[in-house]
There are 2 protein chains.
Amino acid sequence: MADDRLSLVFSALADPTRRDIVARLATGDATVNELAEPYEVTVQAVSKHIKVLQDAGLVSRSRDAQRRPCHLEAEVFDLMTQWIERYRREAEDRFRRLDALLEEVGDQPAGTTATTEAAS
Amino acid sequence: MADDRLSLVFSALADPTRRDIVARLATGDATVNELAEPYEVTVQAVSKHIKVLQDAGLVSRSRDAQRRPCHLEAEVFDLMTQWIERYRREAEDRFRRLDALLEEVGDQPAGTTATTEAAS
DNA sequence: TCCATATTCAACCGGTTGGTTAAATACCCT
DNA sequence: AGGGTATTTAACCAACCGGTTGAATATGGA
């Protein structure tokens, strides 16, 4: 379920180990064995993580003898930032309009209207 | 497992229905019943989705009689964009350095060194 | 008080996920 | 051919996820 590109990318990055792998690939290509070394999990588990990242388009592989180095495909990040920025902008614009409206009416200062109960 | 903030946010947005809810909340606050209306799923399912978004800090609730309107907390987006931009920048910098090195050596034009095999 | 509305909680179900171990595959080297 | 290294596949398992139905809770209004 949820096999569209954006879902795959967000889902892939929802795991801290995979985010860590991405972080390390940002500094340079690496093989599965190299990537697996710092973790306690087996190399097979890391291989699965790489597959998830690959299916999301975040990682590509090449071949070098037995090794299959992983390469970070950073362009995919654009897909996320575009989505995020779009709705952030919409929300901020709406907030600005509300703010201006309150200013105009001469109500209480903005941001004190509702009990927000945000998560800790 | 994976209960850190960034994991919760990415995980929350990995579901298309939840992304859609976020998109709609960007245009204005809404109740669970209002949000559930366009979907085929039950209102309980949507309530669960809201809970996930709330745990991730993406949504806050207020009270208005029986209604508990949902409000988008767009600041959380910053957490993601900061993470994304950091590693994108690292990867791009590395690419630029490699590019410059190849230029210096007088090798082939950049981007033609490895078989990338990227996902479709 | 009684009823309608809005929302959540509880229990359940099938599919997915992240991990394991064991076996298979792919490639290099002598 | 045979052995070593790198990696993937297969089968399995417990936990989680998104959905359901049914019951509970909370609030407003007649």
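Hydrogens, waters and symmetry mates are skipped; everything else that's a heavy atom, side chains included, is used. Chain letters run A, B, ... following the sequence lines, proteins first, then strands; residues in each count from 1. These numbers come from a predicted model, not from an experiment.
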Look at the side-chain N and O atoms of A:R61 and state whether any lies under 4.0 Å from the OP1 or OP2 oxygen of C:dA26.
no
With rounding to the nearest 0.5 Å, note down the distance linking CG in B:L6 to CG in B:L8.
9.0 Å
Atom CG of B:L35 to atom C1' of C:dA6: distance rounded to whole Å?
13 Å
So, is A:T31 near the phosphate of D:dT7, with a side-chain N or O under 4.0 Å from OP1 or OP2?
yes
Which residue lies toward the 5' end of DNA chain C, B:K48 or A:K48, if each is placed at its nearest nucleotide?
B:K48
For the pair B:K51 and B:D55, find out whether any cationic side-chain nitrogen is under 4.0 Å from an anionic carboxylate oxygen.
yes
How long is the line joining CZ of B:F10 and P of D:dC17, in whole Å?
17 Å
Interatomic distance, A:Q66 CD vs C:dC28 C1' [rounded to whole Å]
5 Å
Atom-pair distance (CG on A:D64; P on C:dC29), nearest Å
11 Å
Quiz item: B:Q44 side-chain donor-acceptor pair to D:dG22 base, under 3.5 Å
yes
Hey, does the side chain of B:N33 come within less than 4.0 Å of C:dT7's phosphate (OP1/OP2), counting only N and O?
yes
How many Å lie between CG on B:D15 and P on D:dC17, as a whole number?
11 Å
On DNA chain C, compare the nucleotides closest to B:P69 and A:V41; which residue's is nearer the 5' end?
B:P69
Nearest to the B:V43 side chain among C:dG19, D:dT20, C:dT8, which nucleotide is it?
C:dT8
Basic-acidic side-chain contact under 4.0 Å: B:R19, A:D4:
yes
Taking atom P of D:dA6 as reference, at what distance in whole Å does atom CD of A:E34 sit?
9 Å
Between A:W83 and B:V52, is there shared hydrophobic-cluster membership here, with clusters defined by ILVMFWY side-chain heavy atoms closer than 4.5 Å?
no
OP1 or OP2 of C:dT7 under 4.0 Å from side-chain N/O of B:S47
no
Taking for B:H49 and for A:I50 the nucleotide of DNA chain D with the nearest heavy atom, the one nearer the 5' end belongs to A:I50
Side-chain N or O of A:R18 less than 4.0 angstrom from OP1 or OP2 on C:dT17?
no
Measure CG/B:L53 against C1'/D:dC17 and give the value in whole Å, please.
14 Å
C:dA6, OP1 or OP2 - any side-chain N/O from B:R68 closer than 4.0 Å?
no
With a 4.0 Å cut-off on heavy atoms, is A:K51 in touch with a base, just the backbone sugar-phosphate, or nothing at all?
nothing
Charged N to carboxylate O below 4.0 Å: is that the case for A:R94 and A:E90?
no
Distance check needed: C:dT7 P versus B:R67 CZ, whole Å only.
7 Å
